[in-house]
J.: 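Can you keep this structure in mind? I'll have questions shortly.
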Amino acid sequence: LGCENLDALTSGDALDFMIYFSSISGTLEGVIGLDHSDYAIANAYLNQFAYRRNRSVERGERQGYTMSINWPVWQVGMYNAESDRWMEAHWGLKSLSEGVGVKAFEEVLGHPWDQVLVLYGEKGKLLHLFGSEAQGKGVLSEEGMSDLLRKVEGQVKELASAVVKLPVSELAVDEQWGDYGFDSIMLTELGRRLQAHYGIDLLPTVFFNHPTIGELSAYLAADHSEVLAKQHGSGRAITATSSSSQPTLIDQRSNGLSRRKGRTVAGPLMASTSSLLPTVHEPIAIIGMSGRFPGSPNLDVFWKHLRENKDLITEVPKDRWDWEAYYGDPQTDKRKTKAKWGGFIEDMDQFDPLHFGISPREAELMDPQQRIALEAVWHTLEDAGIAPGSLSGSDTGIFIGSYFDDYATLIARSGLEPEAQLGTGLSQSLVSNRISYLLDVHGPSETIDTACSSSLVAIHRGVEHLHHGHCEVVIAG
């Protein structure tokens with residue numbers, strides 16, 4: 001409502017101009033993910049409002065021409081160096097420095113255009129991707145464009161009719177896709193048929209950005225006019241060319257189809273596009289940690305050992321096994337080994353099952369990995385200052401890397417009679433599931449087995465779920 005309130009408050013003022021700073025995400029299809037569609041829609045609204053206000057100026061209801069500038073990402077604020085490199089490599093687009101941005105602003109300020117799209121980067125790629133009327137391209141006359149649009153609407157209706165199983169006569173150009181029962185699968189099929197029929201590439205977001213037959217047809221006729229005109233036999237008029245070696249600024253009108261009928265200006269302006277970068281995610285905050293390592297019951301002690309360059313490898317402790325009983329030459333006796341060193345976690349047998357609501361007998365049959373995971377998660381929540389009960393019912397996700405099954409081997413060797421709790425005690429999936437059950441959390445609960453990279457993959461999975469909004473909190477390790 002900001003632009004509307006500003007317009008109302010200045011309705012009686014003798015303004016020279018009203019400039020809206022919009023984004024290319026509101027104009028260029030597919031430059032932003034659907035998870036940021038609200039951002040794109042808001043910027044598209046500025047474009048439309050600029051057009052509407054200029055019509056009010058023509059009727060004498062407002063003063064000062066209005067322009068919506070579709071900016072790319074500047075090298076401040078939303079700027080992300082990694083995304084910037086990706087954007088340039090894939091699209092030939094560059095982010096906008098302050099100097100270039102100010103220069104672009106000064107250049108466009110003197111032109112009475114409704115909407116301006118700013119592009120900066122490799123000129124050839126920019127013209128190929130976005131300048132459908134630029135250099136050497138034929139331009140349809142008003143009559144030719146009108147004829148093309150009518151034929152494209154007819155073709156889109158035919159293809160849509162075949163997908164949705166409705167007569168062409170029942171399809172209106174101004175009805176939403178969903179009103180006819182189109183779902184994502186059907187729209188994907190319609191997109192496939194359109195691509196096959198016209199030999200063009202369409203992004204999956206095309207139906208989201210153009211939700212009616214009329215809007216989709218207008219987009220196709222404008223952005224693929226040369227290809228579609230050849231197929232439909234629509235006449236061409238003049239040819240626009242530009243010999244400038246500078247990047248191009250494309251003026252785009254915002255009233256539906258005619259926004260693509262604005263002139264193309266080739267000049268000294270260095271302009272740019274931004275939102276073709278992949279979705280920029282907020283950084284992930286690590287709010288709690290715990291860890292147990294050889295000779296280190298917690299992270300503080302472990303860090304102390306690291307600073308002191310202390311060797312944490314020791315002889316096998318007597319409370320683990322008698323290494324001397326197994327020591328020998330494996331070349332002469334396969335039951336012998338020369339290995340007597342290792343990294344050993346202390347107090348492995350000090351698990352408190354009742355604290356976690358587990359019976360002592362069940363705890364005996366639980367893989368130590370399950371016990372350690374429960375303890376480590378509890379300590380992590382303590383470190384984060386989070387009461388475990390406060391997570392109950394939340395979408396907290398649990399991702400734990402685990403791949404050893406030594407305990408199952410020991411159980412098998414012991415000759416223990418089968419018990420029901422062996423199934424849960426030795427199951428790898430229960431390493432994470434027990435944590436979810438203990439905390440009563442309802443987010444994803446996954447045990448990851450990718451051998452030595454298991455914990456790294458588990459953390460990566462957790463970060464992905466946070467970025468996609470599946471969880472607000474993740475416990476991973």
Side-chain angles (χ1 to χ4, degrees), residues 2-3 6-7 15-29 31-32 39-58 62 64-75 78 87 91-123 125-135 137 139 209 219 222-223 240 242 244 246-276:
C3 62
L6 183 62
D7 176 63
L15 301 179
D16 293 320
F17 53 79
M18 176 76 78
I19 306 296
Y20 299 129
F21 276 27
S22 180
S23 162
I24 64 171
S25 65
T27 300
L28 297 180
E29 179 180 332
V31 300
I32 198 165
Y39 176 76
I41 291 170
N43 285 293
Y45 182 80
L46 288 179
N47 300 335
Q48 296 294 330
F49 196 85
Y51 170 78
R52 194 170 78 190
R53 189 180 185 281
N54 276 333
R55 305 295 79 78
S56 296
V57 171
E58 292 172 358
R62 295 289 189 274
Y65 76 87
T66 316
M67 178 188 295
S68 178
I69 303 177
N70 299 171
W71 290 112
V73 166
W74 288 47
Q75 293 176 6
M78 294 175 65
M87 179 175 62
W91 299 92
L93 298 163
K94 299 180 180 179
S95 59
L96 210 57
S97 69
E98 292 184 50
V100 171
V102 171
K103 183 179 179 181
F105 181 67
E106 292 173 346
E107 174 72 20
V108 302
L109 203 57
H111 299 283
W113 299 326
D114 299 331
Q115 177 187 358
V116 174
L117 173 67
V118 181
L119 304 170
Y120 177 52
E122 298 178 30
K123 183 178 179 182
K125 283 189 177 181
L126 298 182
L127 291 175
H128 174 71
L129 291 171
F130 309 116
S132 60
E133 298 117 345
Q135 305 197 344
K137 299 278 186 172
V139 179
N209 293 327
Y219 160 74
D223 274 46
S242 171
S244 171
Q246 299 295 327
T248 301
L249 173 71
I250 302 177
D251 161 38
Q252 296 190 328
R253 307 295 175 180
S254 44
N255 54 336
L257 178 62
S258 64
R259 72 186 176 97
R260 289 289 185 176
K261 288 152 55 179
R263 56 182 180 161
T264 298
V265 179
L269 174 66
M270 299 179 69
S272 128
T273 21
S274 78
S275 293
L276 277 164

J.: Residues in ring-ring contact (aromatic ring centres under 6.0 Å, His included) with Phe17, at least two apart?
T.: none
J.: For Glu98, look at atom CD and say whether over 12 heavy atoms of other residues, nucleotides or ligands are found less than 6.0 Å away.
T.: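 Count not over threshold, so no.
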J.: Just by distance, do the side chain of Asn54 and the backbone of Thr66 share a donor-acceptor pair under 3.5 Å?
T.: yes
J.: Just verifying a value: how many Å separate Arg53 CZ and Leu15 CG, rounded to the nearest 0.5 Å?
T.: 5.5 Å
J.: Parallel, tilted or perpendicular for Trp71 and Phe105, by the 30°/60° rule?
T.: tilted
J.: Can you name the closest pair of heavy atoms from Asn47 and Ser22 and give their distance?
T.: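 In this case the closest contact between Asn47 and Ser22 is OD1-OG, 3.4 Å.
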J.: Just verifying a value: how many Å separate Ser23 OG and Ile69 CD1, rounded to the nearest 0.5 Å?
T.: 12.5 Å
J.: Would you give the length of the straight line joining atom OG of Ser95 to atom CD of Gln75, rounded to the nearest 0.5 angstrom?
T.: 3.5 Å
J.: Can you list everything that forms a side-chain hydrogen bond (donor to acceptor under 3.5 Å, both in side chains) with Ser56? Sequence neighbours excluded, please.
T.: Arg59
J.: Indicate the atoms forming the closest heavy-atom contact of Tyr20 with Cys3, along with that distance.
T.: CE2-CB, 3.9 Å
J.: Cation-pi check for Tyr51 against Arg55: NZ or CZ below 6.0 Å from the six-membered ring centre and within 45 degrees of the axis, yes or no?
T.: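 Yes - Arg55 lies over the ring of Tyr51, closer than 6.0 Å to its centre and within 45° of its axis.
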J.: Any chance you could measure Arg62, atom CZ, to Asp7, atom CG, to the nearest 0.5 Å?
T.: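 That separation rounds to 4.0 Å.
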J.: If you measure from CG on Asp114 to CZ on Arg52, what distance do you get to the nearest 0.5 Å?
T.: 13.0 Å
